[in-house]
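Here's the structure, in structure tokens; my notes come after.
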There are 2 protein chains.
Amino acid sequence: MAPRSAGKNAESSDKVGVICRALRRAIIEQALEPGAKLPEDSLGERFGVSRTIARHALGQLAAEGLVELRRNRIAVVATPSWQEARDAFDIRIELERLVVRQLAGKLTKAQIATLNAHVDAEDGARDGTDAVSIRLATEFHILLAHMTNSPILVRYVSEVAYRCCLTLSLYSRPHSSECAINEHRGIIAALVKGDEAKVMSLMHSHLDSVANRALVAPAPQRGRDLLDILAPYADEGESDRVVKMPKVVRVR
Amino acid sequence: MAPRSAGKNAESSDKVGVICRALRRAIIEQALEPGAKLPEDSLGERFGVSRTIARHALGQLAAEGLVELRRNRIAVVATPSWQEARDAFDIRIELERLVVRQLAGKLTKAQIATLNAHVDAEDGARDGTDAVSIRLATEFHILLAHMTNSPILVRYVSEVAYRCCLTLSLYSRPHSSECAINEHRGIIAALVKGDEAKVMSLMHSHLDSVANRALVAPAPQRGRDLLDILAPYADEGESDRVVKMPKVVRVR
DNA sequence: GGCCGCCAAACTGCATGCAATTCAGGCGCT
DNA sequence: AGCGCCTGAATTGCATGCAGTTTGGCGGCC
């Protein structure tokens with residue numbers, strides 16, 4: 001029960017959990033694009049449960065930020081703004097630096113083997129679909145988080161990583177994840193060597209480069225809701241938006 | 001609409017949100033101690049809604065880690081282990097360093113005033129109950145997070161701060177929060193001055209000292225569930241628990 | 001007395017039903 | 001044709017009902 005011990009968060013082994021996991025996976029593999037509608041009864045029917053359960057699952061996913069829930073409206077896969085994507089990556093960098101700091105030089109042989117096996121799998125899937133590569137790359141990071149044996153850290157890293165996946169599918173063009181794989185190998189090596197500072201900086205630059213490759217521009221706004229596109233123009237009241245304005249870019 | 005704008009996370013204006021907020025507050029003010037039972041129908045009755053809604057609210061709080069949900073069992077207020085408490089603080093430190101890093105030198109006059117007013121309120125409540133002091137101190141940090149204008153950061157800081165509150169109520173003795181207030185003032189001053197490094201280190205040591213004051217020992221286990229107390233002894237299988245063992249302390 | 005099993009009450013898991021709201025498209029009006 | 005209104009279908013918000021599980025305590029048995 002080593003890695004899998006933590007996640008008893010109101011979602012394991014019950015039907016809600018099944019739906020959550022399925023949707024999460026569908027979302028990060030881009031089978032469900034941002035903006036995709038998720039009506040309760042379709043979901044319920046598809047998974048053979050009642051709306052009540054589907055609804056509950058949507059609630060959980062909304063709490064994780066993967067789904068947007070507006071009152072009396074059909075739930076949709078979340079469409080993070082460019083700024084939110086950037087924020088997510090910033091948070092992710094800090095969290096994952098913490099992960100590798102805790103892990104540096106403390107991995108067991110078994111854990112190292114697990115990590116290597118995973119990266120090999122990433123390598124093997126390199127000629128598969130992009131979606132699978134992204135999922136595997138994400139799971140590498142979550143795997144690392146699991147090894148800290150800190151349920152809270154696992155939860156946050158997972159959430160924010162999934163969120164980043166989501167933004168990747170929004171703002172990124174078909175990117176070659178090959179280099180990412182090598183970076184993963186580098187991180188493992190540094191972890192084994194136990195060089196805390198080195199591995200933290202490696203993780204930092206790894207994530208930063210992923211973010212920069214993905215979030216180069218405020219994005220082509222590959223047209224989802226026309227309403228969304230116009231949203232920035234509405235921007236009611238908003239009195240004290242002063243913080244982090246340096247790199248703000250007007251959408252279109 | 002400065003601070004209160006962000007949190008539309010599937011919980012505002014609907015009954016679920018009302019219950020969530022009420023319970024959250026009750027929990028962090030220790031009106032509900034860790035381990036307290038939260039039966040769905042009592043909750044529903046108390047808030048004038050059906051079990052369905054109460055259930056949904058519990059689900060949200062469980063996702064935040066404030067409530068523990070075990071299948072077919074009455075929900076209870078979460079009882080984080082000492083290790084989880086330590087982990088929560090570690091994460092919190094990183095997140096809040098990020099907050100002040102983003103905020104340093106970027107606060108508006110209005111925001112500074114808001115912060116000062118809040119600290120004054122903390123000061124004013126110093127002779128009130130401990131619970132209120134803790135809540136106000138926590139809200140100071142959440143207020144800061146709001147000012148980053150990053151909903152994701154707000155969510156995570158809030159969650160982890162609430163969690164820390166929870167652990168405070170478990171493992172801490174009546175602590176004087178007076179010094180904390182001064183530390184808050186110091187942080188504001190450094191933020192205004194715009195000294196990024198300084199304010200990050202201030203925040204770090206502030207949180208670290210709060211954590212150390214609270215989590216000096218694995219805690220007197222002020223007896224909730226005797227089962228919980230015995231849990232560490234059971235510790236089934238647990239093959240590869242290698243990480244972060246340095247500072248582990250046996251319970252009792 | 002202590003221990004085990006049984007039973008009713010309590011509680012959760014889930015589906016269904018009804019009211020309220022939103023959404024889509026057709027109709028009439030200009 | 002363009003625009004707005006209006007109506008029915010789709011969909012959510014929520015309560016209630018029933019079945020299955022846990023709980024706690026009582027009585028019998030050792």
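In the text below, chain A, chain B and the rest are named by the order of the sequence lines, each starting its count at 1. All values below were derived from every heavy atom in this structure, side-chain atoms included, with hydrogens, water molecules and symmetry-related copies excluded. Fair warning: this is a prediction, and the values are worked out from it, not measured in the lab.
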How long is the line joining [atom1] of [X] and [atom2] of [N], in whole Å?
X: L38(A); N: dA10(D); atom1: CG; atom2: C1'; value: 16 Å
X: L69(A); N: dT12(D); atom1: CG; atom2: C1'; value: 10 Å
X: K37(B); N: dT12(C); atom1: NZ; atom2: P; value: 10 Å

What are the atom names and distances for every N/O pair under 3.5 Å that joins the protein to nucleotides 5-10 of chain C?
none

Backbone of [Y] reached by a side-chain donor or acceptor of [X] within 3.5 Å:
X: R86(A); Y: A211(A); value: no
X: E159(B); Y: G65(B); value: no
X: E96(A); Y: V157(A); value: no
X: E68(B); Y: T79(B); value: yes
X: R55(A); Y: G44(A); value: no

Point to revise | Nucleotide-resolved protein contact map, nucleotides 13-22 of chain C, B/S/- at heavy-atom distance under 4.0 Å | key: BBBBB---SS

Exercise for review: Return the minimal non-hydrogen interatomic distance between A75(B) and L69(B), and the atom names on each side.
Suggested key: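 Distance-wise, the nearest heavy atoms are CB-CD1, 3.3 Å.
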
Point to revise | Nearest atoms (heavy-atom pairs only) where L166(A) meets A78(A) | key: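 Scanning both residues completely, I find the closest heavy atoms to be CD2-O, 3.5 Å.
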
Practice item. Return the orientation label for the F140(A) and H118(A) ring planes: parallel under 30°, perpendicular over 60°, tilted otherwise. Key: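 Aromatic pair F140(A)/H118(A) classed tilted.
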
